[in-house]
Amino acid sequence: MMDRRLEVDPWRIVETGFDAAAGPDCMASESLFSIGNGAMGGRANFEEFFGGRTLQGNYIGGIFYPDKTRVGWWKNGYPEYFAKVLNSAFWPGIDIYVGEERLDLSICRIEAFRRELDMRRGVLSRTFTAVLPNGVKVGVKVRRIVSMAEPELGALSYELTLLSESGAEVSVTAFVEGDVRNEDANYDEKFWEPVALDRESGALTMRTKKTGFEVRWTQRTAVKAAGRPVSGRNVSENERIAERFVCTLKTGETVALDKFVGVASSLNHPEAELAAAAESVAQRAWAAGFEAVLAAHEQAWAEKWAGCDVVIEGDEAAQQGIRFCIFQLLQTYTGRDSRLNVGPKGFTGEKYGGSTYWDTEAYCLPFYLCTSGEEVARQLLRYRYRQLPQAIGNAAKLGFKDGAALYPMVTMTGEECHNEWEITFEEIHRNGAIAYAIYNFCRYTGKRDYLAEGGLEVLVGIARFWAQRATFSEPKGQYVILGVTGPNEYENNVDNNWYTNYLAAWCLRYASEAAEYVAAQYPDDYRRIVAATGLNAAGDEFARWREVADGMFLPEWTLEDGETVFLQQEGYMDKEQRMAADIPAEQRPINQHWSWDRILRSCFIKQADVLQGLYFFQEAFGGETIARHFDFYEPRTVHESSLSPCVHSILASLTGRAARAYELYLRTARLDLDDYNREVHEGLHITSMAGSWLSVVEGFGGIRVGRDGRLHVVPRLPEKWRSLAFELHYRGAILRFGLGTGEVRVVSVNGRPAEVVVGERCYRVDDRGIQVKIG
């Protein structure tokens with residue numbers, strides 16, 4: 001089900017009309033119009049007071065709180081806390097009174113309303129005309145940014161024009177409110193405590209409890225009424241810095257406020273220097289003025305879009321969808337800081353705690369690798385390398401030893417902080433995604449030096465985990481992995497999930513191959529790694545790894561037509577076999593209508609499971625095998641994970657199911673814009689947006705690194721698309737692809753040559769480019 005209430009525009013998200021009574025829609029818009037810059041960001045809450053339903057949220061990357069775990073029945077191995085990115089001080093605040101009446105859109109009569117997110121420029125704007133309960137009519141124009149040029153700056157311009165026939169006194173208070181709470185708090189605890197309210201300098205310092213992060217907000221304002229400067233009065237108190245401006249406006253006159261807030265945290269500055277850092281940011285912006293700050297921000301966004309844009313001709317809904325996904329990815333993670341990662345909700349909401357999941361390695365890393373270059377992707381890999389000691393600690397809590405590593409399902413610091421047993425203890429396939437990301441990076445860049453820099457140490461820890469987690473089954477005469485949850489979270493505590501077993505065997509082989517490569521090519525690094533990890537100290541680990549990998553049990557099932565399919569897990573065919581299309585519409589999504597018991601007993605699949613493995617390792621399987629499994633599993637899949645449609649879209653494209661590929665692409669690219677799952681009010685699905693990009697580039701563009709190490713392109717454009725264009729960083733070259741009906745054009749933008757295979761022929765692409773007729 002979709003809800004297309006926003007205008008379709010190639011570069012803008014536009015909402016016209018506003019109904020304060022439509023609570024979930026109001027909160028959904030707060031998510032959809034969110035803005036950020038990789039270091040901080042927030043929901044599109046109104047600057048002025050709003051008495052309707054709202055989820056106020058502003059977030060600072062890397063600032064978190066260890067909220068004490070809340071479970072009914074404690075189990076050994078559970079983490080003590082769930083780390084959460086915190087709702088921080090509300091910096092955009094503007095409080096407006098016209099006469100004695102407060103401007104509050106929940107009680108005003110709205111005569112005109114337009115909210116717009118300009119994705120090209122990174123600007124959130126809003127205009128409206130409202131009649132207050134006292135009969136006074138006003139017009140408002142707001143522009144707001146979280147500066148991409150200055151990571152510690154938020155700025156806005158707020159203009160209110162009096163439209164009534166008689167004059168009125170207008171009070172404008174610019175404030176930063178530190179008295180905030182997380183909606184997601186296990187014990188309704190307030191996570192911040194005040195440190196200092198500096199009235200003279202217009203600054204507020206808050207500290208997180210337990211973790212002790214300090215953040216300083218410094219506000220600077222400039223106000224004019226009817227073109228003349230207005231002096232303000234400091235009205236700061238408690239945990240709020242505030243400055244009030246009072247003026248009298250005649251009909252048609254405007255009061256205009258420009259506001260600049262510097263946000264400095266102890267994550268980036270010594271505590272003793274926080275005040276000076278925040279002051280410097282706010283003061284420089286105030287001296288430059290809003291238009292100059294805006295221009296620098298727009299230039300920075302232009303540079304971000306260069307090389308990242310995807311251009312679709314002939315389909316504006318598809319075009320808007322992919323640009324929205326790219327925009328959100330760019331403003332969620334920039335690669336400037338390797339301590340940060342990609343939270344499933346980014347800066348748009350509190351669900352999932354804002355923590356790191358396996359989504360980063362499985363879906364997001366390819367996007368940043370291909371659009372921002374290998375160094376940004378290395379930052380994501382280093383994030384996991386630095387957290388290897390914690391991953392070893394996570395495994396030790398569950399009884400593993402000798403340096404076995406289990407990477408967390410949810411984390412801020414590398415320590416597991418997820419406390420649902422079927423996830424914490426059983427969704428261990430996440431370990432494989434970390435290893436696959438290293439492999440994916442090496443094959444795409446053509447550089448295996450990262451294995452010596454840290455990749456091998458991670459692979460050794462992961463291989464040791466799998467070697468210990470597998471059990472030899474005497475009846476089967478093979479190794480089995482029992483009691484797991486695969487990617488399909490609608491199946492818990494199953495035995496021999498095909499994806500998990502296959503991925504485990506692959507990890508064991510890859511770790512062994514990587515170790516042999518580093519030993520041969522980087523002997524000094526290898527000796528260092530052996531000393532650090534004890535590799536082979538207790539015997540030939542490689543032989544053990546290969547024994548488990550070669551002896552891994554991979555369940556299969558023979559269908560009535562005699563064809564064989566990889567079985568999602570043992571016992572799957574004991575379930576009543578129904579198709580997702582048979583579920584009544586009023587019962588979808590089933591996770592909002594069915595009991596968990598009913599879901600677990602059903603055959604319905606939440607997201608790609610076996611198909612996730614076939615997507616990762618498609619070179620190892622023929623097209624017929626992938627098609628057979630797609631036809632078996634996709635009809636049983638309800639796609640109630642945001643990560644599901646993208647993988648299915650890619651495989652549908654690969655196997656010639658064009659209509660289904662396009663349908664699933666729209667579902668992933670417009671998942672939030674059209675609110676398919678009726679949950680956008682909680683925040684956006686940032687990590688799945690990288691999957692939308694994969695759907696376009698790998699699915700419709702047909703881009704894949706082949707076994708020969710060359711870049712292959714097999715375009716499969718949807719029928720209504722006239723052309724598709726995008727750029728990719730590939731082994732030092734920046735390649736611009738132009739794909740149309742019967743034609744492939746490729747040029748090296750930076751002149752670095754690359755080998756590209758079109759059809760059966762390999763071409764050397766340089767700055768002169770190639771143009772090849774196909775089909």
Side-chain angles (χ1 to χ4, degrees), residues 2 4 6-14 116-122 301-302 304-330 367 370-371 645-646 649-650 652-654 656-674 689-704 711-730 734-749 756 758-759 763 765 769-775:
M2 70 175 185
R4 189 163 292 178
L6 304 175
E7 293 185 3
V8 175
D9 183 284
W11 275 109
R12 293 175 171 84
I13 309 302
V14 178
E116 176 181 303
L117 178 59
D118 187 325
M119 297 183 287
R120 191 199 303 266
R121 300 164 53 235
W301 262 110
K304 295 292 291 185
W305 275 110
C308 288
D309 192 19
V310 168
V311 181
I312 298 170
E313 290 190 342
D315 189 343
E316 284 200 344
Q319 176 70 86
Q320 183 187 41
I322 192 59
R323 282 203 176 118
F324 183 66
C325 293
I326 295 170
F327 172 78
Q328 292 294 343
L329 288 163
L330 292 177
F367 168 79
C370 294
T371 61
C646 58
S649 177
I650 294 168
S653 290
L654 177 67
R657 288 146 176 78
R660 188 61 174 149
Y662 178 71
E663 178 185 348
L664 288 164
Y665 162 73
L666 284 184
R667 176 158 182 162
T668 182
R670 299 191 61 88
L671 176 70
D672 292 324
L673 288 176
D674 295 337
M689 292 176 174
S692 303
W693 181 88
L694 291 170
S695 298
V696 172
V697 173
E698 292 187 6
F700 302 132
I703 299 292
R704 190 78 176 171
L711 203 62
H712 291 243
V713 53
V714 184
R716 313 177 189 95
L717 302 192
E719 184 176 340
K720 66 189 300 185
W721 292 13
R722 294 194 299 272
S723 67
L724 170 65
F726 51 84
E727 289 185 11
L728 299 179
H729 291 248
Y730 176 70
I734 301 177
L735 303 176
R736 179 179 295 138
F737 288 83
L739 311 177
T741 304
E743 181 181 76
V744 171
R745 300 184 309 279
V746 192
V747 63
S748 175
V749 176
V756 177
V758 183
Y763 296 86
V765 177
I770 63 169
Q771 185 171 343
V772 181
K773 298 295 183 181
I774 57 172

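These numbers come from the heavy atoms of this one structure, side chains and all, not from hydrogens, waters or symmetry mates.
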Heavy-atom pair of closest approach, residues V765 and V746: CG1-O, 3.7 Å
Side-chain heavy atoms of V8 within contact of R670, under 4.5 Å: yes
D118 side chain reached by E116 side chain, heavy atoms, under 4.5 Å: yes
Residues I703, Y730; criterion side-chain contact (heavy atoms from CB on, under 4.5 Å); working and verdict: CA-CA 11 Å; I703 299 292; Y730 176 70; over 6 Å; no
Atom pair CZ/CD of R736 and E727 - distance to nearest 0.5 Å: 4.5 Å
F327 and W305 aromatic ring geometry - parallel, tilted or perpendicular at 30°/60° bounds: parallel
Identified ring-ring contact (aromatic ring centres under 6.0 Å, His included) counterpart of F700 within the set F737, F726, Y665: Y665
Atom pair OG/CG of S692 and L664 - distance to nearest 0.5 Å: 11.0 Å
Shortest non-hydrogen separation from E698 to I650 and the atoms involved: OE1-CD1, 4.2 Å
Residue pair L739 / V713, side-chain heavy-atom distance below 4.5 Å: yes
Closest heavy-atom pair and its distance - G702, R716: CA-NH1, 3.5 Å
Nearest-0.5 Å distance that lies between atom OG in S695 and atom CD1 in I322: 7.5 Å
Side-chain heavy atoms of T741 within contact of L717, under 4.5 Å: no
I326 CD1 to K304 NZ distance, which is reported to the nearest 0.5 Å: 12.5 Å
Pair Q320-I13, side-chain contact (heavy atoms from CB on, under 4.5 Å): steps then yes or no: CA-CA 8 Å; Q320 183 187 41; I13 309 302; 3.6 Å; yes
M119 to R12 - nearest heavy-atom pair and separation: CE-N, 3.9 Å
S649 side chain vs P645 backbone, donor-acceptor pair below 3.5 Å: no
Contact summary for C646 and T668, nearest pair of heavy atoms: CB-OG1, 3.9 Å
Closest contact, heavy atoms only, P10 versus E316: CG-OE2, 3.6 Å
Whether Q319 side chain and G314 backbone form a donor-acceptor pair below 3.5 Å: no
Worked verdict on M689 versus W693 for side-chain contact (heavy atoms from CB on, under 4.5 Å): CA-CA 7 Å; M689 292 176 174; W693 181 88; over 6 Å; no
R323 vs D309 side-chain heavy atoms within contact, under 4.5 Å: yes
Stepwise side-chain contact (heavy atoms from CB on, under 4.5 Å) test for C308 and L330: CA-CA 9 Å; C308 288; L330 292 177; 3.9 Å; yes
Flag side-chain contact, heavy atom, 4.5 Å: L735 against L711: yes
